[in-house]
Amino acid sequence: MGFLTQRRDRQLAAMQAAGRTVGRSLWQDALRRFMANKVAMGSVIVLLLISFMAIFAPLLSPHSMEDFYWEYILVPPTLENGHWFGTDSNGRDMFVRTFYGARVSLTIGVMTTAVALLIGVTWGSVAGFFGGRIDNFMMRIVDVLYALPLLFFIIILVTVFGRNIYLVFIGIGAVEWLTMSRIVRGQTLSVKQKEYVEAARAIGLSNLVIVRRHVVPNIVGPVIVFVTLLIPTTILVESYLSFLGLGVQEPMTSWGTLISQGAANIDTGPWLLLIPGTFLAITLFCFNFIGDGLRDALDPEGR
Amino acid sequence: MTRPLLQVENLRVHFPVGGGLFSAPRMLKAVDDVSFKLAPGETLGVVGESGCGKSSLGRAVLQLIPPTAGRVLWLGEDLCRLDEDAMNVKRSELQLVFQDPLASLNPRMSVGAILREPLYSFEPGIARSEAEDRAASMMRRVGLRPEMMNRYPNEFSGGQCQRISIARAMISRPRLVICDEPVSALDVSIQAQIIALLRELQAEYEVSYIFISHDLSVVRHLCHRIMVLYLGKLMEIGPKRDIFDTPRHPYTQSLLSAVPIPDPRQARQREQKLIEGDLPSPLNPPSGCVFRTRCPHATPLCIKAAPVLEATGSEAHQVACHYWQDLSGDKQTKTPTGE
Amino acid sequence: MIDTPTTRRAKHPETGGERPAVLECRDLSVHFDAPDGRISAVNGISFDLHRGQCLGIVGESGSGKSQTFLAILGLLASNGHASGSVKLHGEEILNVSRRRLDAIRGEKLAIVFQDSITGLTPHKRIGEQLAEVLTQHRGLGRAAARAKVLEMLELVRIPEAEKRFRMYPHEFSGGMRQRVMVAQALLCQPDVLIADEPTTALDVTVQAQILKLFKGLADHTNTALVMITHDLGVVAGLCDEVMVMYAGRVVEHAPVDELFYQPRHPYTRGLLACMPRADRDSEELTAIPGQPPDLEALPPGCAFAPRCPQAFARCEQERPSLQTARPGHLKACHLEELP
């Protein structure tokens with residue numbers, strides 16, 4: 001009911017009574033609320049740790065990606081011989097491979113999302129801001145692309161171009177930007193209706209300046225939330241592509257590839273499945289918690 | 001009469017509505033053949049119910065929505081013919097204040113940035129320090145402490161946001177400000193503050209207002225002349241005194257008699273001339289006189305022919321009704337005059 | 001019994017006998033648990049409501065006028081808590097079980113909100129929706145329910161009720177929907193009808209129609225009406241008695257004529273002085289200075305003191321209690337007599 005807005009008015013008056021002269025922007029407010037969210041902050045820390053390990057673990061371990069230890073085949077995790085996560089059926093160190101896989105999986109997640117973000121935001125905001133025929137045309141293209149099944153698309157790419165990590169980028173990115181562009185378009189349409197955009201026109205600003213200064217900053221919130229939720233989706237998509245043998249190729253590895261190999265050895269070496277699986281699950285959880293936290297922080301009315 | 005600041009001639013704003021790939025859209029006539037003049041320093045009230053086209057009229061004058069036909073002469077120059085760049089230069093003279101105080105301010109910009117933006121736009125190359133000084137003095141002028149410049153809109157109350165919005169409109173020293181329901185969203189006690197501010201600024205800057213409102217009480221208090229719109233058509237226009245004391249159009253009469261009066265004895269005594277029914281769909285307006293479906297005096301003539309605007313006793317007071325002379329002949333329900 | 005204007009008037013004018021109140025509210029308070037502490041929205045409200053009486057509740061945003069009645073109806077937000085006592089025909093209804101409340105709300109207490117569309121299901125015909133209330137709450141047969149609904153639709157002056165009966169909510173205009181809501185509220189012949197800003201979203205001419213409808217209610221039914229509004233004009237024409245609220249407390253409670261012609265509280269006087277009027281030329285409006293009250297940081301004394309032109313030292317330290325200014329007229333102000 002009107003009570004929330006009334007409350008807002010009153011909170012403001014309180015702040016003014018306190019005589020602060022330095023304002024607190026919505027971003028600062030959101031940051032404060034996010035920092036207060038323990039689950040989300042915990043997820044950030046865990047993710048930072050995993051990323052740190054992904055970058056430095058292969059350097060910290062005495063073993064390397066390519067080393068085969070014939071004397072240690074399918075050794076369970078132990079502290080004694082330096083194979084902390086055990087070894088696989090080829091005698092390769094799982095600790096290094098897990099974090100090497102993390103490196104690939106996270107990179108794919110972030111890079112693909114970045115591609116989707118770039119295309120999606122540009123496409124969606126142009127369609128939404130200009131509207132009319134342009135909007136109609138651009139969104140029909142999106143509709144057509146939506147109809148393309150992802151797996152089918154990637155199988156075609158792979159059969160034509162051969163297995164290649166960049167194809168995975170392109171394949172997933174080409175599909176994920178569609179949703180992004182729809183979200184951005186919707187947000188742009190609603191921001192465009194706002195009176196401050198009209199006020200910006202009334203002071204003679206050009207379209208470009210209006211989009212940059214008045215539209216984009218006000219759609220960033222939902223986009224950030226979507227991005228944090230898109231990263232785990234692409235990681236997951238990559239892992240099932242790899243699981244199906246369509247993704248990353250040996251000797252390179254990713255969590256999906258590791259899980260696939262682990263599944264094949266589930267009787268003899270269950271840790272081969274459990275360890276990368278656990279890391280994947282934790283990462284997905286963390287991104288989702290962060291996404292939820294951001295959504296709550298950026299949209300306080302939704303609480 | 002002094003040379004008009006603004007002269008609007010036969011302005012029409014039509015919007016296409018609906019219409020898919022294969023069907024032609026229907027035309028919504030938001031503003032249909034409206035003409036008026038505005039003198040420097042004058043306040044023209046635009047009155048009407050929702051859907052009467054009063055907001056579209058204001059935006060079409062500012063070229064924020066393109067007029068379908070007609071001319072908008074600003075000091076003799078037709079704004080509809082200007083290209084975008086030339087119009088943007090003119091915009092420093094024509095500004096706008098909105099109804100929803102919070103929605104009219106970008107939540108991501110500090111108040112200082114909001115107030116400096118018009119300066120940077122209209123006076124490219126202005127020094128930052130000068131822009132800051134002018135923003136600060138404008139804030140003081142509208143009754144806010146300049147120290148609050150670094151705060152964000154969400155930290156202000158509705159009334160304060162409206163002051164900021166007014167400051168943004170006034171900072172380029174416009175000669176015309178279109179106020180679109182600027183006090184409707186505010187609490188009663190805050191409304192009076194904003195009305196007083198608008199009056200002070202008018203006296204100080206000699207600015208003209210087009211004051212769009214559904215609230216006849218506020219309009220009576222603030223405006224010199226009043227224009228009554230119904231379904232995009234001009235029903236009656238005239239000096240405030242004429243409109244309130246001797247309304248000629250049956251619609252104006254019923255509008256006036258529908259306004260609640262904060263005076264119990266008079267409220268009990270007054271005889272209300274209420275009109276029945278609701279506004280017809282603007283997409284499918286009645287033929288002839290658009291008001292005829294709710295008019296108690298409608299005749300077959302009203303169905304056939306749309307009345308044209310004609311002068312009543314004085315040239316300034318014009319009404320679009322076939323029967324205004326007959327209607328003013330019978331005992332006029334003069335709105336009770338309190339004295 | 002405490003001394004409220006209603007208890008004073010409780011003697012029936014003709015029979016001279018005691019009339020029991022339909023609704024007795026004693027010391028009602030509402031607070032909300034917010035993340036950063038407890039906000040008290042309503043403090044110690046008491047009043048009596050009699051059959052056929054119309055009580056106006058006037059206040060600005062944050063005055064607690066709506067929360068008071070949402071609490072009575074058990075419709076507070078989940079973080080809201082009510083305390084005190086509210087008796088309907090002598091039966092305590094505050095904080096009773098959900099089932100009991102549902103029964104009471106259906107039959108004895110009804111409410112009409114500002115945004116009427118939310119009260120109707122979009123995919124069901126109007127007639128079915130209204131008849132459902134009767135078949136379920138009253139156990140009426142379908143034919144009987146239908147007849148009753150038609151009767152009510154006619155009472156609220158919906159033209160062609162038979163035809164409207166089979167239409168969907170979206171086919172109704174705003175004014176028409178609000179009438180349907182009133183009809184729905186009246187279906188079970190409630191003892192008390194609470195109208196929370198029922199005309200705020202409507203146009204002036206439609207508002208006048210709806211207000212006329214409310215006025216006629218007293219003649220056709222014996223329902224007591226509570227009109228919650230920010231508009232003193234609405235109250236003047238409709239209510240017998242008015243309660244003015246500010247920052248969650250009643251500041252003045254008086255019969256309507258006394259409140260308008262001899263207001264005893266500076267806030268009431270301020271409200272009356274800052275309202276422009278459509279029926280006469282008003283001199284300069286005297287705005288109430290300052291901002292609306294902040295419920296989270298109320299001063300220890302009178303909440304209105306920071307904006308009051310007549311505040312003195314005592315006002316800032318000691319909160320004035322609601323006292324009898326004249327028989328039947330209560331005020332919460334330290335000033336003995338206003339100049």
Side-chain angles (χ1 to χ4, degrees), chain A residues 2 4-30 131-133 136-137 140 190-221 298-301, chain B residues 21 59 62-65 84-92 94-114 117-122 144-161 165 168-169 171-172 174 177-178 180 187:
Chain A
L4 258 183
T5 44
Q6 289 169 21
R7 229 172 81 66
R8 187 190 62 82
D9 266 8
R10 278 177 279 109
Q11 281 171 341
L12 310 182
M15 287 192 274
Q16 278 152 17
R20 273 193 313 111
T21 57
V22 178
R24 191 157 60 195
S25 74
L26 291 179
W27 295 123
Q28 288 160 314
D29 253 1
R133 292 232 173 97
N136 230 325
F137 178 71
R140 288 306 78 76
S190 84
V191 168
K192 204 174 76 170
Q193 306 292 324
K194 290 277 165 62
E195 289 168 339
Y196 56 81
V197 172
E198 205 167 14
R201 277 189 208 285
I203 58 172
L205 298 182
S206 68
N207 280 341
L208 198 70
V209 178
I210 293 177
V211 170
R212 204 188 61 216
R213 209 150 45 196
H214 295 279
V215 177
V216 171
N218 286 294
I219 61 173
V220 166
L298 292 166
D299 180 20
E301 296 284 319
Chain B
L21 268 177
R59 280 157 178 76
L62 295 182
Q63 307 292 313
L64 288 172
I65 48 179
E84 206 170 304
D85 291 341
M87 185 61 217
N88 279 346
V89 173
K90 282 270 179 287
R91 291 193 186 284
S92 69
L94 304 101
Q95 279 298 312
L96 183 61
V97 173
F98 300 90
Q99 170 173 8
D100 184 343
L102 200 61
S104 61
L105 304 174
N106 184 343
R108 307 278 173 197
M109 279 166 81
S110 72
V111 170
I114 289 171
E117 200 173 32
L119 293 176
Y120 290 132
S121 172
F122 293 131
L144 295 168
R145 288 185 298 134
E147 304 92 76
M148 305 204 278
M149 192 110 99
N150 294 323
R151 302 237 205 128
Y152 289 81
N154 64 321
E155 300 176 84
F156 292 87
S157 69
Q160 290 173 319
C161 283
S165 193
R168 172 180 59 194
I171 199 161
S172 60
V177 175
I178 296 186
D180 190 356
D187 270 327

Legend entry - Positive for side chain to side chain contact (heavy atoms under 4.5 Å, CB included) with Glu195(A), one of Leu102(B), Asp100(B), Asn106(B): Asp100(B)
Legend entry - Those residues that, when tested against Arg133(A), pass side chain to side chain donor-acceptor pair (under 3.5 Å) (two or more places apart): none
Legend entry - Structural part of Leu105(B) lying under 4.5 Å from a heavy atom of chain A: backbone
Legend entry - Interface residues of residues 196-205 of chain A facing chain B - non-hydrogen atoms under 4.5 Å apart: Tyr196(A), Glu198(A), Ala199(A), Arg201(A), Ala202(A), Ile203(A), Gly204(A), Leu205(A)
Inset, instruction - Give the member of Arg91(B), Met109(B), Gln63(B), Arg108(B) that has the highest number of heavy-atom pairs under 4.5 Å with chain A. - result: Arg108(B)
Inset, instruction - Check whether Glu117(B) gets within reach of chain A through its side chain, its backbone, both or neither, counting any heavy atom under 4.5 Å. - result: both
Legend entry - Heavy-atom contacts under 4.5 Å, residues 209-218 of chain A to chain B: Arg213(A), His214(A), Pro217(A), Asn218(A)
Legend entry - Portion of Met87(B) that has a non-hydrogen atom of chain A nearer than 4.5 angstrom: neither
Inset, instruction - State which residues pass side-chain contact (heavy atoms from CB on, under 4.5 Å) with Gln99(B); sequence neighbours excluded, sorted by chain then number. - result: Glu181(B), Ser184(B), Ala185(B)
